[in-house]
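Worksheet: the structure to be examined is printed underneath.
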Protein chains: 2
Amino acid sequence: MAPEAPPYTLLIIEDEIEITRAVGAALREQNPAIIEASGGKTGLDAVKSSHPDIIILDLGLPDLDGLEVCQRIRAVTDAPIIVLTARHGEADTVALLNAGADDYIIKPFSTQELAARVAAQLRRAAVPRHAPVSINADGLSIDIHLRQVKRGPMLVRLTPIEWEILAVLTSDPGRVFTHQQLFKAVWNRPYGDARLYLRVHLTNLRRKIERDPADPRLIITEPGVGYRFVAEW
Amino acid sequence: MAPEAPPYTLLIIEDEIEITRAVGAALREQNPAIIEASGGKTGLDAVKSSHPDIIILDLGLPDLDGLEVCQRIRAVTDAPIIVLTARHGEADTVALLNAGADDYIIKPFSTQELAARVAAQLRRAAVPRHAPVSINADGLSIDIHLRQVKRGPMLVRLTPIEWEILAVLTSDPGRVFTHQQLFKAVWNRPYGDARLYLRVHLTNLRRKIERDPADPRLIITEPGVGYRFVAEW
DNA sequence: CGCCAGCGTTAAGAATCCGCTAAGATCGGT
DNA sequence: ACCGATCTTAGCGGATTCTTAACGCTGGCG
């Protein structure tokens, strides 16, 4: 029986061989074509020559800064980038997400989690998305066109800022938006203490749309990073 | 067989040649006359000189801010504007739609999707307004064709502006129309303090059609945003 | 065990927005 | 030119929303 053709091409930019192997093992069932690069420069070359469908990028590269690599990849392709980050490299992770990375995984990671995230990113990238007309999650329905939110049959009144936050988060369900990304999208002014504002408005927003605001299921906090909207219902 | 005359004129404002070509290829079957502009300024000139039927606008232009270009196009023409936006750019879709854009597509896009959206916008622009013939809500009946409003058996006299406001709001019940959208639809002139006018005329309109003008049920205020007509009766 | 950073929550003052009134200005018909 | 209807413009008071600060909780870390 002939092996099936790889369903997608994955590029992993990683200098530690153990991790490269772990990634390969985690994704064995999906049977992707895997390209390996051990540094930022070779990684960039690989992006240009191989047109991968998804890219896994480690932060601690010896030759180039991860941030720069990420930006330069983003200048060439829209393929999803998943960042591998150490436990305490949170600041770097945030900078990377701001630079265009799609998701991040903290080392050490479970093979299941990696496989799930890769699959999720591929799913999102495969469908050229337009903002969905309506979203339904956990008894909540959001109609972008009507600018209307319902909790069951009840209309929910949102203030402009609350609506903007919800609109941004739901524009790409599952994706993490950093504090800065959200702040910039909603306030559209240079800088301020993004977290200060977001904390307050997220509280108010959750009070209106979550079943139990103390145990949010729709808008999830990513500590030190930002927020994401989950629509898996 | 002689080539058929172009059914419509399309202007694409885009600095990346690959995308321009991709758009051209996607629409080949529709055989439009295509005008190309590589920047915001030349794009605006082209709008004024060529009177396109539909406009495709990339956000990431080198010379001008995409939002500004959008607004300035809208000040000149009513032709549909479809915005091309990067997946990782500021997906400030709300601001875009407020600035006068009619639809947006996230890059990368499929040729089918682009063609479908262009066709949809042209269709929508061709038919001025196809609202339901009559609306009944809370004892109020509105007949669009007859230009007639009744509160029970009593005829209600509306001034031209009041009628226009009501007609716009009821053209899409439940949807929020921003101050700017309403102002543009009714007054059809570039600038003015939309809220100032709307406040007064909304007061007068409510006095005529609401049961209790102090507690409006038909025309709901969305603070900081605009108004919506509710027809859930 | 105590410290600290990050987050959620609450509350109060500031800023903004809205409904309403009313006085000119404008328009259209006779 | 007159007159009534409509539109524009201004301003006040009340309501809503935003900003800002303070406090409590939790979980990691020395």
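Remember, predicted model here, so these are calculated numbers, not experimental data. Chain letters run A, B, ... following the sequence lines, proteins first, then strands; residues in each count from 1.
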According to a strict under-4.0 Å criterion, is [X] in side-chain N/O contact with OP1 or OP2 of [N]?
X: A/Thr159; N: D/dT16; answer: no
X: B/Tyr227; N: C/dG19; answer: yes
X: B/Trp187; N: D/dT8; answer: yes

Measure from [atom1] on [X] to [atom2] on [N] and round the result to the nearest Å.
X: B/Ile209; N: C/dG19; atom1: CD1; atom2: P; result: 13 Å
X: A/Arg157; N: C/dC18; atom1: CZ; atom2: P; result: 11 Å
X: A/Asp193; N: D/dT19; atom1: CG; atom2: C1'; result: 12 Å
X: A/Ile161; N: D/dT20; atom1: CD1; atom2: P; result: 11 Å
X: B/Asp215; N: C/dC20; atom1: CG; atom2: P; result: 11 Å
X: B/Phe183; N: C/dC18; atom1: CZ; atom2: P; result: 15 Å
X: B/Ile219; N: C/dC18; atom1: CD1; atom2: P; result: 15 Å

Lys/Arg N to Asp/Glu carboxylate O, A/Asp102 vs A/Arg74, below 4.0 Å: yes

Nearest heavy atoms of [X] and [Y], plus distance in Å:
X: A/Arg151; Y: A/Glu210; value: NH1-C, 3.8 Å
X: B/Leu198; Y: B/Trp187; value: CD2-CZ3, 4.1 Å
X: B/Asn204; Y: B/Arg207; value: OD1-NH2, 2.8 Å

Contact check, side chains of A/Arg228 and A/Glu222, non-hydrogen atoms, under 4.5 Å: yes

Side chain proximity check, B/Asp193 to B/Phe183, heavy atoms < 4.5 angstrom: no

Terminal axes of the helix from C/dC1-D/dG30 to C/dT30-D/dA1 (five pairs each): angle between them, nearest 10 degrees: 30°

Partner of A/Phe229 by side-chain contact (heavy atoms from CB on, under 4.5 Å), out of A/Val168, A/Leu166, A/Ile220: A/Leu166

Candidates A/Ile135, A/Ile165, A/Ile219, A/Leu218 - the one meeting side-chain contact (heavy atoms from CB on, under 4.5 Å) with A/Thr170: A/Ile135

Proximity to DNA chain D (any heavy atom under 4.0 Å), residues of residues 195-208 of chain B only: B/Leu196, B/Tyr197, B/Arg199, B/Val200, B/His201

Steps toward salt bridge (Lys or Arg N to Asp or Glu O under 4.0 Å) verdict (B/Asp63, B/Lys41): CA-CA 8 Å; B/Asp63 58 341; B/Lys41 292 176 186 172; 5.4 Å; no

